[in-house]
There are 2 protein chains.
Amino acid sequence: MGVHDAMYVLGGKWKIYIITALLFGSKRYSELLRDVQGISGKVLSRELKEMETNRLVKRTVSVTQPVTVTYELTEYGKSAKSIIGVLSEWGETHRNLIVIDEPL
Amino acid sequence: MGVHDAMYVLGGKWKIYIITALLFGSKRYSELLRDVQGISGKVLSRELKEMETNRLVKRTVSVTQPVTVTYELTEYGKSAKSIIGVLSEWGETHRNLIVIDEPL
DNA sequence: CTGTATCCTGATTGATACTG
DNA sequence: CAGTATCAATCAGGATACAG
């Protein structure tokens, strides 16, 4: 069952959102930090490292002053677009059914 | 963006697997405990309760001796099949690219 | 059988300060 | 700018015992 593989690579709280943020082009670390709502620097760099390991994103360092680092989706990463698409569509059409948990 | 709604309902470690387990028919609590690999009783009942709140599953109690409780997907829950399908297909075709994290 | 309550431990996270 | 190191705090999860 490939579901498990997909969950291994995309699972967790953040990767889907990081991919979404990179869907329309490369971004720098600081831009991702701003665009991925609520993520902290530590977690962002860890997630990006994992995604780089799994070849979802490509990291490019420009030796300017100061250095700039950009992240972009690989072809593999871009292929996850199909998943984002289905998630988005499903979430959209079923939005009205969601119940927000009342804190006690 | 509906992605967030979908993540709210389906996110976390277990819901996708629970839905997968229920895809071909209703199951009892103890069957789910066996079929959803690695989940504990506490977590399973919590997840099922959340999914019932969000109308992904329907819970039915049969007053036998002892009681039996069955869970089945609602139409809404069944509609998540499209997501499982895409995840499965994507995971399948990209399985060879995955890198398993070496523990230190 | 189907859960809930309690306790406990290890993993995850946020904040802050710091490095190159 | 782009991270890493450290520490404290939180949280999620397992095991067990117990209730309906």
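A, B, ... follow the sequence lines: proteins, then strands. Residue 1 opens every chain. Both backbone and side-chain heavy atoms feed into the values below; hydrogens, waters and symmetry mates do not.
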Indicate whether any N or O donor in one side chain lies under 3.5 Å from an N or O acceptor in the other, for Trp90(B) and Ser79(A).
yes
Decide yes or no for Val86(B) and Leu87(A): does some side-chain heavy atom of the first lie under 4.5 Å from some side-chain heavy atom of the second?
no
Let me know the distance between CZ of Arg59(B) and C1' of dT2(C), rounded to the nearest Å.
8 Å
Flag the pair Tyr17(B) / Met7(A) as yes when at least one side-chain heavy-atom distance between them is below 4.5 Å, and no otherwise.
yes
Find the distance between NZ (Lys13(B)) and NZ (Lys15(B)) and round it off to the nearest 0.5 Å.
13.0 Å
Between protein and nucleotides 4-15 of chain C, map the contacts as a letter string: B base, S sugar-phosphate only, - none, heavy atoms under 4.0 Å, written 5' to 3'.
S-B------BBB
Quick one: on DNA chain C, does Arg28(B) or Pro66(A) contact a more 5' nucleotide (nearest heavy atom)?
Arg28(B)
First and last nucleotide of DNA chain D in contact with chain B, 5' to 3', at under 4.0 Å to a heavy atom: what are they?
dG13(D) to dA15(D)
Could you give the distance from CZ (Arg46(A)) to CD1 (Ile39(A)), rounded to the nearest 0.5 Å?
8.0 Å
Using side chain to side chain contact (heavy atoms under 4.5 Å, CB included) as the criterion, point out the one residue from Thr70(A), Leu22(A), Ile19(A) that pairs with Val57(A).
Leu22(A)
Check the pair Leu97(A) / Leu56(B) against side chain to side chain contact (heavy atoms under 4.5 Å, CB included), numbers first and verdict last.
CA-CA 9 Å; Leu97(A) 293 172; Leu56(B) 286 169; over 6 Å; no
Angle between terminal axes - the helix from dC1(C)-dG20(D) to dG20(C)-dC1(D), 5 pairs each end, rounded to 10°:
50°
Atom CD of residue position Glu89(A) - does it have more than 12 heavy atoms of other residues, nucleotides or ligands inside 6.0 Å?
no
Do Val43(B) and Ser40(B) come close enough that some side-chain heavy atom pair is under 4.5 Å?
yes
